[in-house]
Amino acid sequence: MRKSPRQQLLEHYRAHARDLPWRTPPGAKAAPDPYHVWLSEVMLQQTTVATVAPRFDAFLARWPTVEAMAAAPLEEVLGQWAGLGYYARARNLHACAVAVAGRGGFPDSEAGLRALPGIGDYTAAAVAAIAFGREAVVVDTNVERVVARYFAIRRPVKDARAEIRERAAFFYEGVDAGAMAQALMDLGATICRPRTPDCAACPLADTCAAHAGGDPASIPPRPPRKARPERHGTAFVIERDGAIFLVRRPEKGVLGGMAALPGSAWRDGAPPAPAAAAAAIRHVFTHFALTLAVESRPEPPRDVEGWWQPRDRLAQAGLPTLYVKALAAFDAARGAPSLLP
DNA sequence: GACCCGTGGTC
DNA sequence: TGACCAAGGGT
C-alpha cells in the first residue's frame, strides 16, 4: 500500500529538517513560544534563513519577551534591525509588540493575528499553525512553486494564485498544518528550488505532474523583469572630536526611520562625472541602483537636526548597509582603518 | 493590482 | 558579473 504524498512529505521533513534556533524538533511535545514564532516569521519575510539565524538570536538575547520589546524605544528596534533590510518590517514589528503587550498576549487565531501590524496572510497562517496548532493553509512563494509544479499549473503565479491556494489545501488536509507548512517550505528551499529542482531527491516526485512532464524548472513561468533605474547623490562625512554627525531619515520612503549620513537628495540618472569626491560607492536597492559620492564637510548643514556619534560606538548607531559601505569607502580612501565591522 | 521597500548569496 | 532569488506586507 502506497503512502499518501502528504505522509511521504512529512516523513521526509522529519528525517531532514534543518536545525533552526526557532524551530522545535519535529515531534516535540512542547508548543513553540508564539513570540519566537512571530519574530522569526517576520524576520524571514523575503530574507534567507542563513541571514536570519544569528540575528534572531541577538534579538531574543536583547528582548526575551514581547513585553520587553514593546517597552523599548522604536529607535532601538530599528538599530537592532540595521542591515536586515525592508525597514518597514522593524517599524511594524515594534508596533505589533506594543499591540500584543497591550492586549496581554498574542491572538491565537489566524484572523486575530492578521489584524496586527506587519502580519499579512502568510504570517498570520504560519503563526496560527506553528505556534497555536490551528488548521490553516500556509502559502508562501515556496509553497506556490511546489504546488504549481505538483499540479502542473503553468500560468503565471499572479494569474493562478486563487487556484494555487485551493490546490495547496490538498496538502494540509488532515495533518498538522504547522509541520506541513515547514515541510513544504523546506522542500521548496532545498529540493524544489526555483531554477534547479532536484527531483531525484524529492519525496513527491512519483506523483508530481511537472516531474512527469519533464521540465519542472519551467513552472511557474517567470514574469519579465523590469528595468532598474539609476540614481545618484552625495553623502557628507562630518567629523568633530572623534565623532561623526548622523541624522535620522524620514519615516516614509527608502531606509525610512533609519540612522544615516547627512547628504543631498538622490537625483534620477547616472552620476554626472566620476572623480571629484573622496570616495564613491554603488548600492543596488530593489527598484533602483544608487551611486553615492562620499565627501568630507567641515560643519553640519544649517537647520539639519542630528547627533554626534562617537566613532568607537558607530556600530551602536544602527546604520543601514548603504552607509556602512559609504563610511568604509571613505576611510579606505583616506587610508584610515575602519572602525566598522 | 501595481508599486514601493534591502540585502547577501549564488551561478 | 549582472541577474535572480529569498518563510511578504503596506499602500
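A note on names: the letters A, B, ... follow the listed sequences, proteins ahead of strands, and every chain is numbered from 1.
Residue A:D215 qualifies as enclosed at atom CG: its count of foreign heavy atoms under 6.0 Å is above 12. Around atom CZ of A:R18, more than 12 heavy atoms belonging to other residues, nucleotides or ligands sit under 6.0 Å away.
For A:F106 and A:W38, the gap between ring centers is short of 6.0 Å. Two rings, from A:F285 and A:F288, have their centers less than 6.0 Å apart.
Across all strands, A:A181 comes closer than 4.0 Å to no nucleic acid atom at all (heavy-atom distances). A:T141 comes within 4.0 angstrom of sugar-phosphate atoms only, judged by non-hydrogen atoms across all strands, and of no base. Across all strands shown, A:S40 has no heavy atoms under 4.0 Å from either base or sugar-phosphate atoms. Within the nucleic acid shown, A:L84 comes within 4.0 Å of at least one base atom, counting heavy atoms only. In this structure, A:W81 reaches neither bases nor backbone, as no heavy-atom distance under 4.0 Å exists between it and the strands shown. No engagement by A:V143 is indicated, since no non-hydrogen atom pair under 4.0 Å with the nucleic acid exists. The residue A:G83 sits close only to the backbone: its heavy atoms come under 4.0 Å of sugar-phosphate atoms, none of a base. A:K226 comes within 4.0 angstrom of sugar-phosphate atoms only, judged by non-hydrogen atoms across all strands, and of no base. Residue contacts for A:D121: at a heavy-atom cut-off of 4.0 Å it reaches the sugar-phosphate backbone alone, with no base atom in range.
A cation-pi contact, defined as under 6.0 Å to the ring centre and within 45° of the axis, is absent between A:R6 and A:F171.
Judged by distance alone, the side chain of A:R231 and the main-chain N or O of A:A289 form no donor-acceptor pair under 3.5 Å. Side-chain atoms of A:E230 never come within 3.5 Å of backbone atoms of A:G269 as a donor-acceptor pair (strictly under, hydrogens ignored).
Of the listed nucleotides (B:dG6, C:dC4, C:dA6), C:dA6 has the atom at the smallest distance from the side chain of A:R145. Side-chain proximity of A:L20 to the nucleotides C:dA7, C:dC4, B:dT7 is greatest for C:dA7. The side chain of A:H283 lies closest to B:dT7, out of B:dT7, B:dG6, C:dC4. Distances from the side chain of A:R195 to the nucleotides B:dG8, C:dG8, C:dC5 place C:dC5 closest. Among the nucleotides C:dA6, C:dG8, B:dG6, the one closest to the side chain of A:R89 is B:dG6. Which of B:dG6, C:dG8, C:dA7 sits closest to the side chain of A:T286 comes down to B:dG6. Out of B:dC3, C:dA7, B:dG6, the shortest distance to the side chain of A:T47 is found at B:dG6. Side-chain proximity of A:T321 to B:dT7, C:dA7, C:dG10: nearest is B:dT7. Closest contact between the side chain of A:H287 and the listed nucleotides B:dC4, C:dG10, C:dC4 involves B:dC4. The side chain of A:R23 has C:dA7 as its nearest neighbour among C:dA6, C:dA7, C:dG9.
Between A:D140 atom CG and C:dA6 atom C1' the separation is 10 Å, expressed in whole Å. Separating the CZ atom of A:R228 from the P atom of B:dC5 is a distance of 13 Å, rounded to the nearest angstrom. Atom CE of A:M258 and atom P of B:dC4 are 21 Å apart (whole Å). Residue A:R193 contributes atom CZ, which lies 13 Å from atom P of C:dC5 at whole-angstrom precision. A:Q45 has its CD atom 16 Å from the P atom of B:dT7, to the nearest Å. Summarising the geometry, the separation between OH on A:Y86 and P on B:dG6 is reported as 8 Å, rounded to the nearest angstrom. For the pair A:I119 CD1 and C:dG10 P, the computed distance is 9 Å after rounding to whole Å. When rounded to the nearest whole Å, the span between CZ of A:R249 and C1' of B:dC5 equals 12 Å.
A:R222 has a side-chain polar atom (N or O) that falls below the 4.0 Å cut-off from OP1 or OP2 of C:dC5. Residue A:T123 has a polar side-chain atom (N or O) positioned under 4.0 Å from OP1 or OP2 of C:dG9. Contact between the side-chain N/O atoms of A:N142 and the OP1/OP2 oxygens of C:dA7 is found at a separation under 4.0 Å. Dashed line: the shortest gap from a side-chain N or O of A:Q46 to OP1 or OP2 of C:dG8 is under 4.0 Å.
Distance check on atom P: B:dC11 versus C:dA7 gives 15 Å, rounded to whole Å.
No donor-acceptor contact under 3.5 Å links the side chain of A:T51 to the base of B:dG9.
Projected onto DNA chain B by closest heavy-atom contact, A:F285 and A:K158 fall at different nucleotides, the more 5' of which corresponds to A:K158. With DNA chain C read from its 5' end, the first of the two nearest nucleotides for A:P117 and A:R18 is the one closest to A:R18. Of the residues near DNA chain B, A:A50 and A:F288, the one whose nearest nucleotide (by heavy atom distance) lies more toward the 5' end is A:F288.
With respect to A:D186 and A:R23, a salt bridge is recorded, a charged nitrogen being found less than 4.0 Å from a carboxylate O.
With both pairing distances under 3.5 Å, B:dC5 is matched to C:dG8 as a Watson-Crick or G-U wobble pair.
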